[in-house]
Amino acid sequence: MTTDLADNLRTFLPAGAVLEEPLQLALYAYDGTVYEGQPDLVTLPETTEQVMAIVRACNAAGVPIVPRGGGTSLSGGPVPVQGGVVVSFSRMDRVLELDYANQRAVVQPGVINQDLQNLVGQQGYFYAPDPASQSVCTLGGNVGENSGGPHCLKYGVTANHVLGVEMVLADGQVLRTGGKALDWPGYDLNGLIVGHEGTFGLVTEITCRLMPLPERVVTMLAIFGSLQAASQTVSDIIAAGIIPATLEMMDNPMIRAVEQALQAGYPLDAGAVLIIELDGMAAGLQDQVARVRSIGEANGVTEFRQACDEAERALLWKGRKGAFGAVVNIAPSKICTDISVPRTKLPETLAAVMDIGRRHGVPIANVFHAGDGNLHPLVLYDPRDPDIAAKVEAVDAEITQLALQQGGVLTGEHGIGCCKRKHMTRMFGPAELRAMRRVREAFDAKGRLNPGKVLPDDLTSDPPPWDEEGKKPRGNGPSAATVAVCERLAAAYTEGRKAVLRGQGTKSSPPPEGAEVVDLAALDRIVSFDHENLTVTVEAGLGFAALDAVLAERGQMLALRPRFRAQATIGGTLAAGESGPCRLLYGGPRDLVTGLQAVLADGTMVSFGSTCVKNVAGYALEKLLVGSRGTLAAIVEVTLRTLPRPQTMRTLALHLEAPSGAEDLLAALIASPLRPAAVELVHGMPIGATADAAWTLLVGLEGFAAEVQAMADHLARMARDHHLPPWQAVDGDYLGLWDRVTDLAPGPVLKASCPLSATAKLAHELSGLAEGLVLRAGPGLGLLHLALPPATDVAAFQHGAQMVAEHHGGTTSWLLPVPERSVTRLPDTTRDVVLRLKSALDPESVLPPPRF
Amino acid sequence: MLPDQAFIENELSRCNKCGYCMQSCPVYRAERREANVARGRNRLLRAVLEGERELSREMREPFFDCLLCGACTNDCFGKVRTKDLMVRAREAYAEDFGSPLLRRYLFHNLLPAPQRLTPLMRLASLGKRTGLARLAERMGLLRWLSPNLEVADALVPTMPKAFLRDRLAGMGFRAVPHAAGTLYRWEPDHATGLRVLYFIGCGTNYQLPRSGEAALRLLHLGGCQITVAPNNCCGLPPWSYGDTEAARLLARRNVELLSDLDCDAIVTECGSCSGFLKEYGEVLGEVSPDGPDGASSAAPLQSVARGPGGELSSRVRDFTEVLATLSLPRPVATGTPLTYHDPCHLGRSQGVREQPRKLLVDVGGYELREMAEADRCCGGAGSYNITHPELSRAILGRKLDNAGATGAQLIATACPACILQLGWGGRERGEGFTVRHVAELLAERQGLELGP
């Protein structure tokens with residue numbers, strides 16, 4: 001059987017790309033964990049076509065397929081626990097395109113993260129996710145595990161930076177999601193696929209976001225007498241509105257190990273060493289450094305060091321970088337565990353972790369990403385100790401359980417793989433696991449892709465964790481209104497009726513006849529607001545204004561400013577996947593949602609995600625539901641990241657005859673290290689003094705006063721350099737102005753998405769398609785929103801717009817409500833996947849069919 | 001049965017299979033297979049150690065295609081010394097499956113007997129230069145290691161008429177009788193008081209005598225008293241093939257000969273020889289290979305003086321280390337850009353990186369342009385280019401790409417194996433690279449005349 005398959009594979013794979021000797025196979029049994037499983041064959045393809053052919057051959061032979069990147073996984077991801085054919089992507093390592101004008105890189109999955117960084121770094125760009133293993137891990141592996149890294153506190157994880165994939169599906173077909181443009185019609189497949197752990201398909205190409213390198217980086221090292229003081233400092237820094245690029249902490253056992261090995265100059269009795277790195281505009285940084293320092297002093301910092309040059313910077317990092325090597329002095333081997341808890345629970349969690357180690361007589365040292373609550377207790381052991389395996393396993397299990405008790409998650413960035421699969425039933429109930437399994441089956445009905453990973457075989461093996469032992473009950477359990485939603489959907493489901501979801505109606509289409517209208521507006525509670533953790537949990541029917549008021553009491557805000565913010569509900573906005581111009585700085589809905597609860601079409605409650613900002617436990621169904629337009633489930637409760645309100649907000653405007661006048665300026669602005677909150681070209685809407693100009697370029701600046709001033713100065717220079725008139729300050733209500741720009745005009749809004757550099761051109765061309773069009777175009781996002789004047793032939797307009805957008809490498813779709821005569825077409829494979837997902841979660845089609 | 005089991009076990013206990021060894025392993029970067037990187041090699045060795053697997057012929061590739069460059073150890077958190085593990089693995093392999101007779105003859109019968117080796121090399125040199133005596137030509141040093149004549153032929157474009165030892169008298173050395181054989185001594189024109197015992201390596205003597213001559217003339221110019229003894233091969237070639245017995249025999253011979261000779265430093269311009277001489281203490285089993293205190297071996301092992309081998313090791317210096325301490329006139333800048341390649345045994349093993357660079361700039365007047373991955377192995381690795389021509393070529397390709405990207409046409413380095421390899425690559429690609437030993441470049445710039 002295996003020999004036949006090998007012979008078959010050899011007919012289309014390059015010489016030496018099929019390994020079948022037992023000895024060679026043994027070398028693909030492992031990853032970075034202690035788990036092993038022997039594969040039947042190993043393949044080393046070089047092209048997508050070869051991967052397709054491998055999948056077809058394996059299908060014909062009925063054997064499992066296990067994708068593998070660098071094999072550095074710390075969750076057993078690429079371990080072939082049920083045998084099968086390993087597809088190693090190590091030879092698919094070409095960078096296919098570096099498109100700096102559009103800030104995108106297109107790569108094969110075997111490209112090593114660091115190799116991409118090195119390439120784009122020379123041009124002044126970076127790819128934000130930087131897992132510790134970046135010098136050896138592959139981007140394909142990063143996509144599989146949704147990898148994080150020290151920088152993800154500020155810049156987000158892999159899911160926030162992968163904008164498209166090419167994936168060979170279980171049947172050998174190729175699915176393409178996303179691309180150079182940001183938003184594509186359909187569900188958020190990128191969000192769902194990133195973190196799939198090789199169980200949805202074989203990713204063969206990745207489109208990544210590149211970002212301009214910050215102008216300056218300042219590194220600081222602070223030594224504290226206690227872990228509590230250091231943790232408080234971390235919380236205070238973030239609460240002050242400073243989001244460091246990295247916040248890395250070491251505890252006392254680690255400090256002692258590092259000091260012994262490297263003499264980094266740490267006091268042996270120090271409770272914690274904190275490395276803080278700030279990056280951004282040079283002009284604003286010194287101010288923030290001073291604030292960080294005074295926050296540290298307020299918390300009793302015993303020593304504060306600051307690097308002034310590269311050499312000093314390397315010195316401050318020396319201890320942290322040498323930490324993994326230093327623990328060899330304690331014990332030769334280690335496992336690097338991975339849990340995530342709300343940031344405020346760090347000191348308590350660490351104390352309990354050390355307790356677990358002591359109880360089992362296994363040394364533990366900690367170095368962790370303190371900013372996002374992601375811990376990696378290093379469990380140290382000597383593999384020659386015969387009893388050690390059981391002990392280490394027990395310690396790992398207890399640490400995992402601890403995370404859940406602290407309101408955290410099973411894994412923050414390593415993934416579930418085969419290691420934590422058995423713990424899944426502790427975090428998720430049967431309903432969630434069933435939903436995840438159905439989603440997986442939507443991609444891989446026969447379960448051939450990376451079997452034995454992520455989901456346990458028995459979805460109910462553990463006692464339901466909802467009770468006393470740690471698991472969620474957030475707030476006081478589901479409200480009466482939520483229970484009512486469950487009941488009404490369950491009724492519709494059993495009675496075979498249709499149902500539609502409705503909030504304040506800003507996005508609603510008229511319901512079909514006889515449909516149950518499930519009103520979510522009564523779900524208007526703020527469930528909990530953890531201001532120190534910067535998260536808030538609210539019911540879906542809550543309006544933005546009510547939330548704003550509560551957040552403002554703590555000087556915080558929700559950085560989500562969609563159309564019709566004054567009336568829209570938060571749940572409706574998330575379901576619609578809508579955002580406003582400030583997505584440029586703060587990200588969109590799916591970047592802000594950390595967890596949600598939803599009622600499935602059969603009336604079952606499910607809960608995905610958590611209050612942790614870093615979480616890769618299970619499939620990201622929360623990302624699938626965000627933007628699913630009420631076609632998969634009713635979102636009833638969401639947990640969102642909040643942010644400290646910026647000190648200063650300022651709008652600058654430039655009036656233009658045509659967008660072409662600003663194209664060079666925009667290109668320069670986008671390539672610069674400036675991080676404006678919003679940049680929009682506005683047409684058909686009077687703004688500011690010279691209200692009669694056809695076009696206005698608006699820039700919104702938010703942040704510390706010094707930073708905003710520096711950006712304004714920079715913009716002024718840019719305008720001069722490009723021979724443009726000076727910027728005009730737009731006074732008055734900052735948010736009010738931007739809300740007006742976002743609202744555009746009543747009526748249907750067509751959204752166009754395109755590569756960044758085409759935005760202005762596309763805006764100009766689209767503006768000519770109809771009289772009286774009101775539009776805004778964000779060149780930093782490549783998103784355009786066009787409000788159609790009344791009585792426009794919707795279908796004809798979209799036809800034209802789609803042609804123009806496609807010409808520029810973009811596409812169009814509608815904001816909700818989708819007009820009756822929408823002509824949005826999804827590519828065939830995408831449509832298939834969307835429909836399969838729809839029937840996975842709503843098999844009886846109780847909720848409306850997806851339209852875009 | 002594996003040799004040095006405790007050592008192997010201790011090293012392997014620190015391998016977590018994290019895979020960081022993939023980042024700069026030149027073989028892995030070329031092949032992208034687990035069998036070609038430390039993690040995989042060590043996993044197999046562990047299988048043999050723990051009896052999970054028998055040592056088999058299939059292990060030849062994973063155990064023998066390692067360059068022994070040591071890059072993986074640098075990147076390893078636990079500093080697992082894979083190259084030393086591979087030497088043991090090769091020893092066990094040779095034990096079970098034997099090694100080619102010619103190679104054994106070279107290691108056991110020729111290298112320890114220069115009086116037999118030198119005439120053979122003369123014959124080879126004659127053959128190479130005249131193109132007449134095919135048989136004689138086949139006696140070339142590298143030929144003994146592999147039957148791959150074509151590559152060996154291309155690698156060694158020519159052989160010198162006069163070996164380095166033949167040139168000593170002409171340079172000003174005087175014979176000094178000694179119990180162990182004739183010594184040659186060259187007194188300085190102006191004494192600085194530094195007395196140097198010069199170690200002539202095989203590659204230098206038979207293949208690149210100009211480099212050796214240049215080094216000797218520079219040391220002399222710098223005021224050193226130089227003594228040359230009839231030393232044997234340092235032992236690195238047999239060691240690399242896992243023939244630790246032959247290597248130890250050579251090491252012991254050298255220790256016996258050189259330990260008695262009074263000097264301030266034992267010096268050679270071959271980075272591989274100086275690197276291996278510095279490991280004599282460990283090679284001869286004086287220093288526990290588990291490290292000085294038997295715990296982790298994160299600390300370097302060099303120059304730990306315990307027995308006579310370690311004592312000798314502690315006196316060994318690379319030529320560039322010594323020259324950097326001497327005062328030589330500073331020539332006017334040449335304006336010629338060059339790039340420097342770190343030989344593995346000099347840069348990584350000995351940590352000598354600054355001195356050759358500084359010398360090239362200060363004493364050579366060159367403009368130094370750093371290439372990317374300057375310390376990445378060139379694929380020469382002793383005779384790797386003959387035993388693994390395809391792999392070696394791929395590794396070399398990346399090296400030459402990096403060198404070429406600097407825009408410099410001149411590559412300086414400090415080890416004969418690297419010079420042969422880089423020179424071959426440059427010729428093969430038809431790119432006008434010139435590859436020279438640091439010593440030669442400096443000697444020229446100091447106006448010293450060298451033989452052909």
Side-chain angles (χ1 to χ4, degrees), chain A residues 16-17 19 21-34 36 42 44 46 68-74 86 88-93 110 112 114-115 118 132-138 261-262 321-336 381-385, chain B residues 6 9-25 28-37 39-44 46-50 52-63 72-80 293 295-299 372-373 390 405:
Chain A
L19 309 180
E21 278 178 31
L23 190 101
Q24 294 285 345
L25 298 180
L27 299 178
Y28 288 82
Y30 54 74
D31 61 357
T33 65
V34 295
E36 294 203 355
V42 174
L44 300 151
E46 289 170 22
R68 179 184 177 95
T72 58
S73 167
L74 293 174
V86 166
S88 168
F89 285 99
S90 59
R91 289 183 181 173
M92 279 181 76
D93 62 346
I112 288 167
Q114 185 71 58
D115 287 354
N118 292 346
S133 57
Q134 71 180 149
S135 61
V136 285
C137 65
T138 63
L262 298 168
K321 296 231 157 122
F324 275 45
V327 294
V328 171
N329 289 326
I330 301 176
S333 243
K334 62 178 175 294
I335 60 163
C336 178
Y381 66 99
D382 190 331
R384 289 166 290 191
D385 173 353
Chain B
E9 206 178 313
N10 190 33
E11 290 301 307
L12 291 180
S13 74
R14 297 195 309 279
C15 176
N16 279 294
K17 297 196 266 78
C18 69
Y20 279 60
C21 43
M22 289 184 284
Q23 71 178 289
S24 43
C25 174
Y28 180 77
R29 296 296 285 215
E31 285 286 292
R32 304 252 170 177
R33 279 195 304 149
E34 286 282 334
N36 309 101
V37 73
R39 170 168 77 166
R41 305 182 205 284
N42 289 337
R43 178 65 188 83
L44 286 183
R46 183 152 70 84
V48 174
L49 179 78
E50 293 175 354
E52 177 192 325
R53 237 168 238 287
E54 293 267 306
L55 193 63
S56 67
R57 284 190 187 276
E58 286 74 38
M59 293 184 191
R60 185 181 163 76
E61 183 203 338
F63 290 162
C72 53
T73 307
N74 249 30
D75 297 332
C76 176
F77 290 125
K79 300 285 170 232
V80 175
D293 51 7
S296 99
S297 56
E373 303 171 349
E390 288 308 316

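The sequence lines fix the lettering, A, B, ..., with proteins before strands; numbering per chain opens at 1.
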So, do [X] and [Y] sit near enough that their side-chain heavy atoms are less than 4.5 Å apart?
X: A:Arg384; Y: B:Glu9; result: yes
X: A:Leu19; Y: B:Arg33; result: yes
X: B:Glu61; Y: A:Glu21; result: no
X: B:Ser56; Y: A:Leu23; result: yes

Chain B contact via A:Asp31 - side chain, backbone, both or neither, heavy atoms under 4.5 Å: backbone
Is there a donor-acceptor pair closer than 3.5 Å between any side-chain N or O of [X] and the backbone N or O of [Y]?
X: B:Ser13; Y: A:Pro383; answer: no
X: B:Lys17; Y: A:Thr33; answer: yes
X: A:Ser90; Y: B:Arg32; answer: yes

Closest-packed option against chain B by number of heavy-atom pairs under 4.5 Å, given A:Pro22, A:Ala29, A:Gly16: A:Pro22
Flag if over 12 foreign heavy atoms under 6.0 Å of CD, B:Glu50: yes
Residue part contacting chain A, namely of B:Glu31, when any heavy atom lies under 4.5 Å: both
Contact class of B:Arg29 relative to chain A, heavy atoms under 4.5 angstrom: side chain
Distance, nearest 0.5 Å, that separates CD of A:Gln24 from CD of B:Glu58: 9.0 Å
